[in-house]
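Notes follow once the structure below has been shown.
Count residues from 1 along the sequence.
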Amino acid sequence: MRSIATTIVNHIAAPVERVFELLTTCARIPDWLPGCTAVTAQGPIKKGSRLNVSFGERETTFEVVDFAAPHTFGWVEKGARKGCKTFFRLDFAGSITAVTIRDVWEPPSLGALVRAKLRPRRYPNLRLDSTLQNLRFALTA
């Protein structure tokens, strides 16, 4: 089945290193990831790390599949939304950082694809935009 990808690109008024640090610090992930209430990991985040992530009552695991400081960070979900991938790319743009967020979802079945088209509950554009706004706010706090 073909995957569905959503990408947004925007800018944040902060140095790329500071944005990357915010993205990859476990204690700070709930500050910018919509709906996230807690994140734990065994040791520092790196490629291959597993993050235990709570969204209220729902718990899931993210496996870090892309980690190249200070430019790329990404994970694949191993829980309820198995196979859903999220990637961040940070590019230096003077005193600001260009942020690209890409969400890739592979529907597990044709029925899931049809349900997603008829009753969209994922709203990836809104979620990615909320993520970007939360990143901006967390960097100013």
Could you tell me the separation between the CD1 atom of Ile8 and the CZ atom of Arg127, rounded to the nearest 0.5 Å?
10.0 Å
With a 4.5 Å cut-off on side-chain heavy atoms, are Glu17 and Val19 touching?
no
If you look at every heavy atom in Val16 and Pro70, which pair is closest and at what distance?
CG2-O, 3.4 Å
Find out whether Phe87 and Asp66 are in side-chain contact, i.e. whether some heavy atom of one side chain is under 4.5 Å from a heavy atom of the other.
yes
Residue pair Cys26 / Thr40: nearest heavy atoms and the distance that separates them
SG-C, 4.4 Å
For Ala93 and Ala98, work out which heavy atoms get closest and say how close.
CB-N, 4.4 Å
Could you check whether Glu59 pairs with Lys78 (Lys NZ or Arg NE/NH1/NH2 to Asp/Glu carboxylate O, under 4.0 Å)?
no
As an exercise, state the distance from CG of Leu51 to CD of Gln42, rounded to the nearest 0.5 Å.
10.5 Å
Heavy-atom side-chain proximity of Leu132 to Val99 below 4.5 angstrom:
yes
Do side-chain atoms of Arg102 reach the backbone of Thr6 as a donor and acceptor pair under 3.5 angstrom?
no
Could you tell me the separation between the CG atom of Asn134 and the CD1 atom of Ile29, rounded to the nearest 0.5 Å?
13.0 Å
Roughly how far, to the nearest 0.5 Å, is the CD1 atom of Ile12 from the CZ atom of Arg18?
10.0 Å
Would you compute the distance between atom CZ of Phe62 and atom SG of Cys36 and round it to the nearest 0.5 angstrom?
7.0 Å
For the residue pair Thr7 and Thr100, establish whether any side-chain heavy-atom pair is separated by less than 4.5 Å.
yes
Taking a hydrophobic cluster as the set of Ile, Leu, Val, Met, Phe, Trp and Tyr residues connected by side-chain heavy atoms closer than 4.5 Å, whether directly or through intermediates, do Ile101 and Ile96 fall within one such cluster?
no
NZ/NE/NH1/NH2 to OD/OE distance under 4.0 Å, Glu106 and Lys85:
yes
Any donor-acceptor pair under 3.5 Å from Thr25 side chain to Leu22 backbone:
no
I need the minimum non-hydrogen distance between Gly56 and Thr37, along with the two atoms involved.
N-OG1, 3.3 Å
Using a 6.0 Å cut-off, check whether atom CD of Glu63 has over 12 heavy atoms from anything other than its own residue.
yes
Using atom types as modelled and distance alone, determine if a side-chain donor or acceptor of His71 lies under 3.5 Å from a backbone N or O of Leu90.
yes
With rounding to the nearest 0.5 angstrom, report the CG to OG distance, Asn52 to Ser54.
8.0 Å
Using side-chain heavy atoms (C-beta onward) and a distance below 4.5 Å, is Cys84 in contact with Val104?
no
Would the Trp75 and Phe88 ring centres measure less than 6.0 Å apart?
yes
Treating Ile, Leu, Val, Met, Phe, Trp and Tyr as nodes and any side-chain heavy-atom pair under 4.5 angstrom as an edge, say whether Leu128 and Val53 lie in one connected cluster.
yes
Kindly indicate whether the side chain of Leu135, heavy atoms from C-beta on, has any atom under 4.5 Å from the side chain of Leu23.
yes
Could you check if a side-chain atom of Thr131 sits within less than 4.5 angstrom of a side-chain atom of Trp32, using non-hydrogen atoms only?
yes
Salt bridge between Asp91 and Arg89, side-chain N to carboxylate O under 4.0 Å?
yes
Using every non-hydrogen atom in the two residues, find where Ala14 and Thr97 come nearest and quote the distance to one decimal.
O-OG1, 2.5 Å
Taking all heavy atoms of Ile45 and all of Thr24, pick out the closest pair and write down the distance.
CD1-O, 3.2 Å
